[in-house]
Novice: 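Structure provided below as structure tokens; questions to follow.
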Amino acid sequence: MIQEQVGRTIRRILGTNEVTFNIPPKREFGDFSTAVCLAQARVQKRPPLEIAQELAQELLKSKLPFIREVTVTPPGYVNFKIDHPKYVRSVIERVRRLGPQYGRTNVGRGRKVLVEHTNVNPNKAMHIGHLRNAVIGDSIVRILDRLGYTVEAANYIDDTGVQVADVVVGMLYLDEPRYNGKSEDMSDIWAKYDGKQPFDYWCWDLYARVSQEYETNEPLKAKRAEVLHLIEKRDNPVAKFAKELATRIVKAHLATVGRLNVYYDLLNWESDIYERGFWNAAFELLKQRGVIEFETEGPNAGCWVVRFGRGLVHTDEGIRSEDKILVRSNGTVTYTGKDIAYQMWKFGVLGRDFLYKLWGVQPNGKELWTTAPDGIESDRFGRADKVINVIDVRQSYTQQVVYDCLRRIGFVKEARNSIHLDYEVVVLSSAAAAELGAEVEDEGSGIQAMSGRKGLGVKGDDLINTMVNRVRDNVRSPESAEVLAAAAIRYFMSRISTGKMIVFDFDEALRTTGDTGVYCQYAHARACSILRKAGITQFGKVQVPENVTLPEQNLVKKIAEFPSVMRKAGRELSPTPLARYAFELATTFTDYYERPNPEASEQVPFIKIEDPVLRTYRLALVDTFRQCMANCLDALGIAPLEEI
RNA sequence: GCGCCUGUAGCUCAGUGGAUCAGAGCAUCUGACUUCGGAUCAGAGGGUCGGGGGUUCGAGUCCCUCCAGGCGCGCCA
């Protein structure tokens, strides 16, 4: 906040729009500095040193509240020294006044953002790749919320796709007793699930079995098309069965991500997109605006297409058209087509809406709603100013097609406000894949994609369970183990930039030392423990000594950074800066804890300090840290532990 | 063929609109526990920031090019 204040003043004086700060190489120069005059030199065509000296003069005149001294060093840096006692007091007071609100701003006030994430096919257990999606998505929801946006978290459920159909085929036709094709009563089918393992785990294996069986069993594969067709037709026993199956899997998914504090506002079912005729509405609009054309010749004859690229192109697999097919020659609509309609709904420009029903209340106390054929009308969902779709990078092309179609229809603003938050996938190392019993096909690359069809992957719950087991022995309560495990996994998924592929490694993912969520939790719990033992809950007027030690200065400066880190995370749509910050904050606190006064021959524990003024001051800093860390962890979806 | 992403220490990764940025953790080695929580801390070794070129007073960061790896470009979903 102090740098922002200085930055504003410099912008006013120099008339520039960007001022950045950095830390000088030697402490004597100052607490922070700026090289803005070096950049200005070119613009003003004057020596940078001259500009810097004038700027320093002006800055001294404007009486910046927490600046004690402004100096200039060649070739033109302007350095600032902070009035530490004054500054420390203001930071302590600010954090205490704002409490859990510290780090929140209202830059997004009045703007609604719809963030859609998770979007896992409801036919099997989630794996760690799905976890990455959920963690990134939920973090973005939390970050944007703290920046003042109105945020709606949506989870799209594709309950009508082939993946669900495959598991339905498996349940109905793979083993005895087989479905007779018309009975309403499915109880003997449901009885195939023995309950020995979670339902989503059971389906994981079933899905892999069906997929393998397809390769040799043509009659079974024929059942897939039949089941798919019945699901799309709705209003028949198989469709009802599929919906029930998907619902049970969705419940399992919500339980899995719930362990990581991931929550939603709305579940959007693909079957309701059908039900409510979204595509028809979009199709009419596409035709009206001439975006879509009926092809009468060439490779796409009989299809409705949108013109893209340069027509015919060469690919590794031969020559094909770059035009995008939205309606196949058999009259069915493609996934991209449906997605265009759905994306329009998100902005409230489709002219049609879902019906809604309350799904339940989540552990965080917030209601979860779902779209439903027998729901009620409501105008509270969708209608967003900005839409963020959290989908892995492999969908980049399709997403761009969807957004471009919106633009062509005339929804230019909506297209511009459509953001594909693309992140890289989680893959297995060849070693990890082999450990899971996979036949590693490609020896050369050293990595192996997870595959639901092959049943190859690390299940999300398995990872969480393993982590819980690992920390269990060192915690004071079983609840702490669950929270600590969630912290470790969320942190692990958050600290790596979204653009980087995660080659999953158990040891790295389960590490509890060093740069981990466990370390951050530990620092927080330690602060809580100190305050508990000190017996202080309320701080009155805190007196700050004239000599603020270096560790104290560093801690205060770090705490003061928090709001700008939050803004950066929002700007970059990434939890990575916050994860990084949480760790830096923790190490800075540990420095302060270990050696609050490096000049002293002996370090006195805070709670044993005899001077009541110094004791209160040191403990107030501990409390300020505690609050900041709690807020940071909370933004990362990690519940801060007061005791481990 | 075209497009996107990635390449920083042995390993996993940070690195803000160019500067004072060669960083952290893990691993290795040496130290520190009757003290506020040792899942910690202090210290050491370890780098041509994939190669080359360019712009600039200054490039891990921007531009070009090459190399390596990954992904995408379906009448699949």
Novice: Could you check C303(A) against A525(A) and say which one's nearest nucleotide on RNA chain B is further toward the 5' end?
Specialist: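 Nearest nucleotide further toward 5': that of A525(A).
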Novice: Without decimals, in angstroms, what is the distance between D392(A) CG and rC4(B) C1'?
Specialist: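 Nearest whole value for this atom pair: 13 Å.
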Novice: Can you check the distance between rU16(B) and rG7(B), where both ends of the measurement are the P atom (answer in whole Å)?
Specialist: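 My reading of the P atoms in rU16(B) and rG7(B) gives 12 Å.
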Novice: Determine whether a donor-acceptor pair (N or O, by modelled atom type, separation under 3.5 Å) exists between the side chain of T588(A) and the backbone of N554(A).
Specialist: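 Flag not set: sc T588(A) to bb N554(A) has no pair under 3.5 Å.
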Novice: When the distance from CD of Q521(A) to C1' of rG37(B) is rounded to whole Å, what number comes out?
Specialist: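 Result: 14 Å.
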Novice: Using atom C1' of each nucleotide, how far apart are rU8(B) and rU61(B) to the nearest Å?
Specialist: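 Taking atom C1' in both rU8(B) and rU61(B), they lie 12 Å apart.
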Novice: Give the nucleotide from the list rC75(B), rU35(B), rG70(B) with an atom nearest to the side chain of P605(A).
Specialist: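 In terms of side-chain proximity for P605(A), the closest of rC75(B), rU35(B), rG70(B) is rU35(B).
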Novice: For a quick check of understanding: with a heavy-atom distance under 4.0 Å over all strands, which category does V333(A) fall into, base, sugar-phosphate or nothing?
Specialist: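 Nothing: the residue V333(A), judged by heavy atoms under 4.0 Å, touches no strand.
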Novice: Looking at the base of rC75(B), is there any donor atom on it, or on the side chain of S329(A), that sits under 3.5 Å from an acceptor on the other one?
Specialist: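 By the distance-only test, yes, there is a pair.
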Novice: Counting the atoms with a prime plus P, OP1 and OP2 as sugar-phosphate, which does D507(A) contact under 4.0 Å by heavy atoms, base, sugar-phosphate, or nothing?
Specialist: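 It contacts nothing in the nucleic acid.
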Novice: Counting only Watson-Crick pairs (N1-N3 plus N6-O4 or O6-N4) and G-U wobbles (N1-O2, O6-N3), all under 3.5 Å, who is the partner of rC2(B)?
Specialist: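 Per the H-bond distance test, rG72(B).
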Novice: Quote, to the nearest angstrom, the C1' distance that separates rU48(B) from rC41(B).
Specialist: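 My reading of the C1' atoms in rU48(B) and rC41(B) gives 34 Å.
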Novice: At 4.0 Å (heavy atoms only), tell me whether V471(A) reaches a base, stays on the sugar-phosphate, or touches nothing.
Specialist: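 Here V471(A) touches the bases of the nucleic acid.
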Novice: For atom P, what is the distance between rA44(B) and rG25(B), given to the nearest Å?
Specialist: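 It comes out at 12 Å once rounded to the nearest Å.
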Novice: Taking any strand in view, what nucleotide pairs with rG43(B) in a Watson-Crick or G-U wobble way, both distances under 3.5 Å?
Specialist: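 rC29(B) - that is the nucleotide pairing with rG43(B), both distances being under 3.5 Å.
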Novice: Reckon I496(A) touches a base, only the sugar-phosphate, or nothing at all at heavy-atom distances under 4.0 Å?
Specialist: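 I496(A): backbone/sugar contact only, no base atoms under 4.0 Å.
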Novice: Quick check against the 3.5 Å criterion: does T332(A) have a side-chain atom that pairs as donor or acceptor with the backbone of R328(A)?
Specialist: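 Absent.
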Novice: Hey, can you tell me if W304(A) and F283(A) have their rings parallel, tilted or perpendicular (30° and 60° cut-offs)?
Specialist: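 Aromatic pair W304(A)/F283(A) classed perpendicular.
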Novice: Less than 4.0 angstrom between a side-chain N/O of R394(A) and OP1 or OP2 of rG70(B), yes or no?
Specialist: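 No, R394(A) has no side-chain N/O under 4.0 Å of OP1/OP2 on rG70(B).
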Novice: I231(A) CD1 to rA77(B) C1': how many Å, rounded?
Specialist: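 Answer to the nearest Å: 13 Å.
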Novice: Can R495(A) be said to sit on top of F583(A)'s aromatic six-ring, NZ or CZ under 6.0 Å from centre and within 45° of the ring axis?
Specialist: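 That pair does not qualify as a cation-pi contact.
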Novice: In whole angstrom, give the distance that lies between atom CZ of R11(A) and atom P of rG17(B).
Specialist: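 Nearest whole value for this atom pair: 13 Å.
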Novice: Mind checking the C1' distance from rG46(B) to rU28(B)? Whole angstroms is fine.
Specialist: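 These two C1' atoms come out 10 Å apart once rounded.
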Novice: Which listed nucleotide (rU12(B), rU35(B), rG25(B)) is nearest to the side chain of K608(A)?
Specialist: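 Closest of the options to the side chain of K608(A): rU35(B).
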Novice: Measure the distance from CD on Q603(A) to P on rC33(B) and round it to the nearest whole Å.
Specialist: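 Distance check: Q603(A) CD to rC33(B) P gives 16 Å.
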Novice: Do I82(A) and F32(A) come within less than 4.5 Å of each other through their side chains, counting heavy atoms only?
Specialist: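 Yes; the side chains approach each other to less than 4.5 Å.
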Novice: Across all strands, who's sitting opposite rA14(B) as a Watson-Crick or G-U wobble pair, both distances under 3.5 Å?
Specialist: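 WC or wobble partner does not exist here.
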Novice: Using heavy atoms and a sub-4.0 Å distance, could you list which residues of residues 568-579 of chain A are near RNA chain B? By number, please.
Specialist: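 Only K568(A) qualify.
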Novice: Closer than 3.5 angstrom, by distance alone: can the side chain of H229(A) be matched with the main-chain N or O of R224(A) as a donor-acceptor pair?
Specialist: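 Side chain of H229(A) to backbone of R224(A), a donor-acceptor pair under 3.5 Å: no, none is there.
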Novice: Check the orientation of H130(A) and H127(A). Use parallel for under 30°, tilted for 30 to 60°, and perpendicular for over 60°.
Specialist: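 Rings of H130(A) and H127(A): parallel, under 30°.
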Novice: Within the structure provided, determine whether W279(A) and L286(A) are in side-chain contact (heavy-atom separation under 4.5 Å).
Specialist: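 In contact.
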Novice: Output the rounded distance in Å from CG (L585(A)) to P (rG25(B)).
Specialist: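 Rounding to the nearest Å, CG of L585(A) and P of rG25(B) are 16 Å apart.
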Novice: Looking at the side chain of R580(A), which of rA39(B), rU8(B), rA24(B) is the nearest nucleotide?
Specialist: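 Closest of the options to the side chain of R580(A): rA24(B).
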Novice: Does a nitrogen or oxygen in the side chain of K324(A) sit under 4.0 Å from OP1 or OP2 of rC73(B)?
Specialist: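 For K324(A), the contact criterion (side-chain N or O under 4.0 Å from OP1 or OP2 of rC73(B)) is not met.
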Novice: Would you classify Y397(A) as touching base, sugar-phosphate or nothing, given that sugar-phosphate means primed atoms plus P, OP1 and OP2, and contacts are heavy atoms under 4.0 Å?
Specialist: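 Sugar-phosphate, backbone atoms only, no base.
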Novice: Can you name the closest pair of heavy atoms from F625(A) and A523(A) and give their distance?
Specialist: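 Heavy atoms of F625(A) and A523(A) come nearest at CE2-O, 3.6 Å.
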Novice: Measuring only between side-chain heavy atoms, which start at C-beta, is Q395(A) closer than 4.5 Å to D422(A)?
Specialist: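 A side-chain contact is absent here, since even the closest heavy-atom pair is not under 4.5 Å.
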Novice: Between R511(A) and V503(A), which is nearer to the 5' end of RNA chain B once each is assigned its nearest nucleotide?
Specialist: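 It is V503(A), whose closest nucleotide lies nearer the 5' terminus.
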Novice: Between the protein and nucleotides 40-43 of chain B, list the N/O to N/O atom pairs that are separated by less than 3.5 angstrom.
Specialist:
{"unit_1": "rU40(B)", "atom_1": "OP1", "unit_2": "G514(A)", "atom_2": "N", "d": "3.2"}
{"unit_1": "rU40(B)", "atom_1": "O2'", "unit_2": "E594(A)", "atom_2": "OE2", "d": "3.2"}
{"unit_1": "rC41(B)", "atom_1": "OP1", "unit_2": "Y519(A)", "atom_2": "OH", "d": "2.7"}
{"unit_1": "rC41(B)", "atom_1": "O4'", "unit_2": "E594(A)", "atom_2": "OE2", "d": "3.4"}
{"unit_1": "rC41(B)", "atom_1": "O2'", "unit_2": "R595(A)", "atom_2": "NH2", "d": "3.3"}

Novice: When you measure from the side chain of N119(A) to the backbone of N155(A), do you find a donor-acceptor pair of N or O atoms at a distance under 3.5 Å?
Specialist: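 Not a single qualifying donor-acceptor pair exists.
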Novice: Determine, step by step, whether Y519(A) and T590(A) satisfy the side-chain hydrogen bond (donor to acceptor under 3.5 Å, both in side chains) criterion, reporting the C-alpha distance in whole Å, the side-chain angles of both residues, the deciding distance to 0.1 Å, and the verdict.
Specialist: CA-CA 10 Å; Y519(A) 181 93; T590(A) 307; 3.2 Å; yes
Novice: Which of these nucleotides, rG37(B), rA19(B), rG15(B), is closest to any side-chain atom of S529(A)?
Specialist: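 Side chain of S529(A) sits closest to rG37(B).
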Novice: Between rG47(B) and rC4(B), how many Å separate the two P atoms, rounded to a whole number?
Specialist: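 The answer is 35 Å between these two P atoms.
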Novice: Pick the C1' atom in rA27(B) and in rG10(B), then give their distance to the nearest Å.
Specialist: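 Roughly 8 Å separates the two C1' atoms.
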Novice: Contact class for L531(A) vs. all strands (heavy atom < 4.0 Å): base, sugar-phosphate, or nothing?
Specialist: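 No contact.
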Novice: Rounded to whole Å, how long is the line connecting atom OH of Y581(A) with atom P of rG23(B)?
Specialist: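 Atom-to-atom, Y581(A) to rG23(B), this comes out as 22 Å.
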Novice: Give me the distance, rounded to whole Å, that separates rC26(B) from rU40(B) when you measure between the P atoms they each carry.
Specialist: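 Straight-line distance between the two P atoms is 7 Å.
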Novice: Any side-chain N or O of K500(A) below 4.0 angstrom from OP1/OP2 of rC5(B)?
Specialist: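 Answer no for this pair, as no side-chain N or O of K500(A) is under 4.0 Å from OP1 or OP2.
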Novice: So A301(A), base contact, sugar-phosphate only, or nothing? Heavy-atom distance under 4.0 Å.
Specialist: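 The residue A301(A) makes base contact.
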Novice: I447(A) CD1 to rG70(B) C1': how many Å, rounded?
Specialist: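 That distance rounds to 6 Å.
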Novice: Under 4.0 Å, counting only non-hydrogen atoms across every strand here, what does E643(A) touch: a base, just sugar-phosphate, or nothing?
Specialist: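 E643(A): base contact, heavy atoms under 4.0 Å.
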Novice: Flag the pair Y342(A) / E116(A) as yes when at least one side-chain heavy-atom distance between them is below 4.5 Å, and no otherwise.
Specialist: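 In short, these two side chains touch, coming nearer than 4.5 Å.
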Novice: Determine the contact category for Q395(A): base if any of its heavy atoms lies under 4.0 Å from a base atom, sugar-phosphate if only primed atoms, P, OP1 or OP2 are that close, otherwise nothing.
Specialist: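 Contact class for Q395(A): base.
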